[in-house]
Amino acid sequence: MKNKSTQEKVVLELLTNLDTWVSGDYLAKKFQVSRETIWKAINNLKNKRDYPIVSRKKRGYMLHTAPYLEADLINIYRVDCKFNPNFWTNLSA
């Protein structure tokens, strides 16, 4: 299994906590990167890939429920689901 990029990891974490605030500090610690790296990944997802991510000071980041999923995001799911059988049970409904 190829290593996921920081952007892919962030998206999966935000999807796991859909419509819930996730702090940049939490993401940085979880993925063992700097908060600046998380900030850059979030900005790329928001600005270049048009993900519906909201950011708020003192709260963090939130991915709003999207009416569709891009093909590359679905492929990330497939890989994660294949290697982590409990992946879908961890997702918020």
Side-chain angles (χ1 to χ4, degrees):
M1 177 171 137
K2 80 171 184 106
N3 289 333
K4 289 187 190 76
S5 70
T6 301
Q7 287 183 25
E8 291 171 331
K9 292 175 186 178
V10 167
V11 168
L12 285 171
E13 189 65 28
L14 293 176
L15 280 167
T16 302
N17 297 286
L18 200 58
D19 292 323
T20 303
W21 294 106
V22 179
S23 77
D25 191 47
Y26 168 80
L27 293 170
K29 287 179 183 173
K30 180 168 184 164
F31 303 129
Q32 298 178 341
V33 296
S34 68
R35 286 189 303 180
E36 182 180 1
T37 299
I38 296 297
W39 179 84
K40 286 179 181 179
I42 294 284
N43 278 336
N44 279 328
L45 290 165
K46 285 170 55 173
N47 300 325
K48 293 182 181 174
R49 299 190 55 197
D50 207 27
Y51 278 85
I53 298 172
V54 178
S55 54
R56 295 282 184 272
K57 282 189 175 189
K58 306 282 185 186
R59 294 197 137 185
Y61 304 100
M62 179 192 307
L63 179 66
H64 281 294
T65 306
Y68 64 90
L69 293 176
E70 293 182 359
D72 62 336
L73 188 55
I74 292 170
N75 288 332
I76 295 168
Y77 277 165
R78 286 184 187 157
V79 169
D80 214 58
C81 186
K82 182 177 178 182
F83 292 98
N84 180 2
N86 296 320
F87 177 77
W88 293 107
T89 59
N90 296 330
L91 283 179
S92 301

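Side chains are part of it too, since the values below use all heavy atoms of this structure and drop only hydrogens, waters and symmetry mates.
The shortest side-chain heavy-atom distance between Q7 and N44 falls under the 4.5 Å cut-off.
With rounding to the nearest 0.5 Å, the separation of CG in L18 from CD in E13 is 12.0 Å. The line from NZ of K29 to OG of S23 is 8.0 Å long, rounded to the nearest 0.5 Å. With values rounded to the nearest 0.5 angstrom, N17 atom CG is found 10.0 Å from L63 atom CG. Atom CG of residue N43 and atom OH of residue Y61 lie 7.0 Å apart, to the nearest 0.5 angstrom.
Linking ILVMFWY residues whenever their side-chain heavy atoms come closer than 4.5 Å, directly or via other members, leaves W21 and I53 in distinct clusters. Under the 4.5 Å side-chain heavy-atom criterion for Ile, Leu, Val, Met, Phe, Trp and Tyr, V54 and Y51 are members of distinct hydrophobic clusters.
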**Request:** Go through the steps for K46 and D50 under the test salt bridge (charged side-chain N to carboxylate O under 4.0 Å, His left out), then give the verdict.
**Result:** CA-CA 5 Å; K46 285 170 55 173; D50 207 27; over 6 Å; no
**Request:** Take R35 and D25, measure what side-chain contact (heavy atoms from CB on, under 4.5 Å) needs, and give me the verdict at the end.
**Result:** CA-CA 6 Å; R35 286 189 303 180; D25 191 47; 3.8 Å; yes
**Asked** Run the side-chain contact (heavy atoms from CB on, under 4.5 Å) check on V10 and L14 step by step: do they pass?
**Response** CA-CA 6 Å; V10 167; L14 293 176; 3.8 Å; yes
**Asked** Can Y26 and F31 be said to form a side-chain contact (heavy atoms from CB on, under 4.5 Å), step by step?
**Response** CA-CA 9 Å; Y26 168 80; F31 303 129; over 6 Å; no
**Message:** Could you go through T20 and M62, starting from their C-alpha distance and side-chain angles, then the distance that decides it, and tell me whether this counts as side-chain contact (heavy atoms from CB on, under 4.5 Å)?
**Reply:** CA-CA 6 Å; T20 303; M62 179 192 307; 5.8 Å; no
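Looking only at distances, no side-chain donor or acceptor of T37 sits under 3.5 Å from a matching main-chain atom of V33.
Classification of E36 and K40 as a salt-bridged pair holds, one side-chain N sitting under 4.0 Å from a carboxylate O.
Considering all non-hydrogen atoms of both residues, A41 and T6 come closest at CB-CG2, 3.9 Å.
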